[in-house]
Amino acid sequence: MAQNVRVRYAPSPTGVPHVGNIRTALFNWLFARHHGGAFILRIEDTDVARTVPGAVEAIMGGLEWLGLDWDEGPKVGGYYGPYFQSQRLGIYGQEAQRLVAEGWAYRCFCSPERLAEMRKEQMSRHQPPGYDRRCRSLSEREVFPGVAPVVRFKTPLEGETRFLDLIRGEVVVENRTLDDFILLKSDGYPTYHLASVVDDHLMAISHVMRADEWLASTPRHMLLYQALGYPPPHFAHLPMILGPDRSKLSKRHGATSIMEFREQGYLPQAMVNFLALLGWSLDDKTEIMSRQELIRHFSLERIGKTGAIFSHEKLGWMNGVYLRQLSLEDLLAQVLPYLERDLSPPVPRPLDRGYVAQALALVQERMRILREAAELTDFFFLADVEYPAALLYQGLAKGALEGSDAAARAMTALEAVVPRLKHLNSWDAASLEGLLRPLAYELRLTTGQLFGLLRVAVTGRTAAPPLFQTMAVLGRERCLRRLTAALGKLASLQASP
RNA sequence: GGCGCAUUCGUCUAGCGGCCCAGGACACCUCCCUCUCAAGGAGGAGAUCGGGGGUUCGAAUCCCCCAUGCGCUACCA
């Protein structure tokens, strides 16, 4: 692999880029960076009907978000452009023409209707579907005026085609199992087969790394390289990414668009790390790897052969790992947009950065994705917290105490706490703890009972960050107001049992 | 139907003839820490290496057959 490594990621702009495609891009990028080669982005927009506006931007946006920079392609240009196949139609037409002239291909005038019917019949007779080669023997002058022909490849009727796949090893296919596939469509656009072979050659691609679904077409491509007189590149077919049902991952498996992951708050570095491990591994234990480490260690030899199910579960864990590694400033910068977006509307914007930072410090290790930030911290921002009154005293109801007794005990506790909090000299976590811990003993409550009660009163929930730090961040005023509100809840409970 | 590729814990994987009655990670369970939830730490459960034949002193690792899965079989990529 001493030669110049040039690899490409060649998506078709038919929709939003999904993680399967992106993983292919990542492997190509890692391979290029590892070998100091070039990573090329080429847009395969040869299907006019399926091309969707904005898809190219989405693809580039996805790559940029993940930090997969390309050396040649849209935006950056390059010596081998243009990088949109729709702008290279002349080249494909020329090469197709050449193949016809040299006897490697022929024009076919069969109508789509005839082809469809033929296919249907073949299927019903349990025959392998494929073009019956009716136009293969037409002479140069036998043309059908008014019918725009397609150009088909004259696949050899005998012999076999073999090639070495860097991941699978040698693959052999009998030529007679291949039909005369289309090179140029009647609208003048090339099919994938023609366009990718021509461009991979013209763009001096050294290694074609693409998804496994292309393995079966590669013999056709080999035949084309021969006919066109091009030396073929190396091939490496990547294992596919599967949905939970083990079929090719697609939209019906839920969130698969790379941008959806971004919106949910996955970090690009976590995404890169996770995707790299889908089909590739370094050894038997290393999982968390930086971009640089991935580049340093990436190699074709360590790519697996079997499809991998995309596990949201593990991705979530890994994202949490990366989230915890962030400095507070970085975390703040990452989370702010999500909070602005997800916090309930009554919370005044813009958020106070200093205050948000204090709250974030308390939830950093509890977050898996940024999307959860609002839910984890909303009580820091809301004017009042809402919760069922029963939460206040449920921790006190254990043992022989009846519910109403527990509520009464909760009231007693709160009544003892409020005035002391009011007069606490210094409002910080240590002082709060110094006051409240002995108080629990005094009230004949366990710390768990007292702190649990206060946690509910102050945050409205039973699971939250450590109490004293939380109260310190919330501030005296907010805490007292909530404690008083809790007292009110309990009182009205007593009034109407 | 034809052709191709694949098959190790639920999942991602390590393993490339003896170091493996199979190692790591996620998820799960238990315990520790502890004001809850996390995080962290320590354990546990979980794979007759798809099945069957070989080869070999010895196979998850090599060969053959079968089964299953997936992919391709479009004027889609």
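Order of the sequence lines sets the chain letters (A, B, ...), proteins ahead of strands, with each chain counted from 1. When reading the values below, keep in mind they use all heavy atoms of this one structure, side chains included, and skip hydrogens, waters and symmetry mates.
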Quiz item: If we call it a pair only when both distances are under 3.5 Å in a Watson-Crick or G-U wobble match, what pairs with B:C3?
Solution: B:G71

Quiz item: Under 4.0 angstrom, heavy atoms only, what part of the nucleic acid is A:R302 near: base, sugar-phosphate, or nothing?
Solution: sugar-phosphate

Quiz item: When we call it a touch if two heavy atoms are under 4.0 Å apart, what does A:P239 touch: a base, just sugar-phosphate, or nothing?
Solution: nothing

Quiz item: Is the NZ or CZ atom of A:R23 both under 6.0 Å from the centre of the six-membered ring of A:F27 and within 45° of that ring's axis?
Solution: yes

Quiz prompt | Evaluation steps, side-chain contact (heavy atoms from CB on, under 4.5 Å), between A:V208 and A:W214 | solution = CA-CA 11 Å; A:V208 170; A:W214 293 111; over 6 Å; no

Exercise. Measure from the side-chain heavy atoms of A:K305 and tell me the nearest of B:A77, B:C75, B:A6.
Key: B:A6

Exercise. For A:R168, answer base if it contacts any base atom (sugar-phosphate contacts may also be present), sugar-phosphate if it contacts only those atoms, and nothing otherwise; contact means non-hydrogen atoms under 4.0 Å.
Key: sugar-phosphate

Quiz item: Which base, if any, makes a Watson-Crick or G-U wobble pair with B:U55, both distances under 3.5 Å?
Solution: none

Exercise. For B:A77, take OP1 and OP2 only and decide whether either is under 4.0 Å from a side-chain N or O of A:K185.
Key: yes

Quiz item: Would one find a side-chain N or O of A:R246 under 4.0 angstrom from OP1 or OP2 of B:C12?
Solution: yes

Exercise. Indicate for each nucleotide in nucleotides 21-31 of chain B, in 5' to 3' sequence, whether protein heavy atoms under 4.0 Å reach the base (B), only the sugar-phosphate (S), or nothing (-).
Key: --BBBSS----

Practice problem: Identify whether any heavy atom of A:G316 sits under 4.0 Å from a base atom; if not, whether one sits that close to sugar-phosphate; answer base, sugar-phosphate or nothing. | Solution: nothing

Quiz prompt | A:R437 side chain near B:C35 phosphate (N/O to OP1/OP2, under 4.0 Å) | solution = yes

Self-check item: Touch class at under 4.0 angstrom, heavy-atom based, for A:R324 against every strand present
Solution: sugar-phosphate

Exercise. Go ahead and name the base partner of B:A25; Watson-Crick or wobble counts if both distances stay under 3.5 Å, otherwise write none.
Key: B:U11

Practice problem: Tell me the partner of B:C37, counting only Watson-Crick (N1-N3 plus N6-O4 or O6-N4) or G-U wobble (N1-O2 and O6-N3) with both under 3.5 Å; none if nothing fits. | Solution: none

Quiz item: Closer than 4.0 Å, any side-chain N/O of A:R119 to the OP1 or OP2 of B:A74?
Solution: yes

Quiz item: Checking all strands, does A:M240 fall into the base, sugar-phosphate, or nothing category for heavy-atom contacts under 4.0 angstrom?
Solution: sugar-phosphate

Quiz item: Contact class for A:R220 (heavy atom, under 4.0 Å): base, sugar-phosphate, or nothing?
Solution: sugar-phosphate

Exercise. Establish, for the pair A:R152 and A:Y131, whether the NZ or CZ atom is under 6.0 angstrom from the six-membered ring centre and no further than 45 degrees off its axis.
Key: yes

Quiz item: Looking for any heavy atom pair under 4.0 Å, which part of the strands does A:I309 touch: base, sugar-phosphate only, or nothing?
Solution: sugar-phosphate

Quiz item: Heavy atoms under 4.0 Å, any strand shown: does A:P149 hit a base, just sugar-phosphate, or nothing?
Solution: nothing

Quiz item: Is A:T46 near enough to B:A77 that one of its side-chain N or O atoms lies under 4.0 angstrom from OP1 or OP2?
Solution: yes

Self-check item: Side-chain N or O of A:T14 closer than 4.0 Å to phosphate OP1/OP2 of B:A77
Solution: no

Practice problem: Give one of base, sugar-phosphate or nothing for A:T447, where a contact means two heavy atoms less than 4.0 Å apart. | Solution: sugar-phosphate

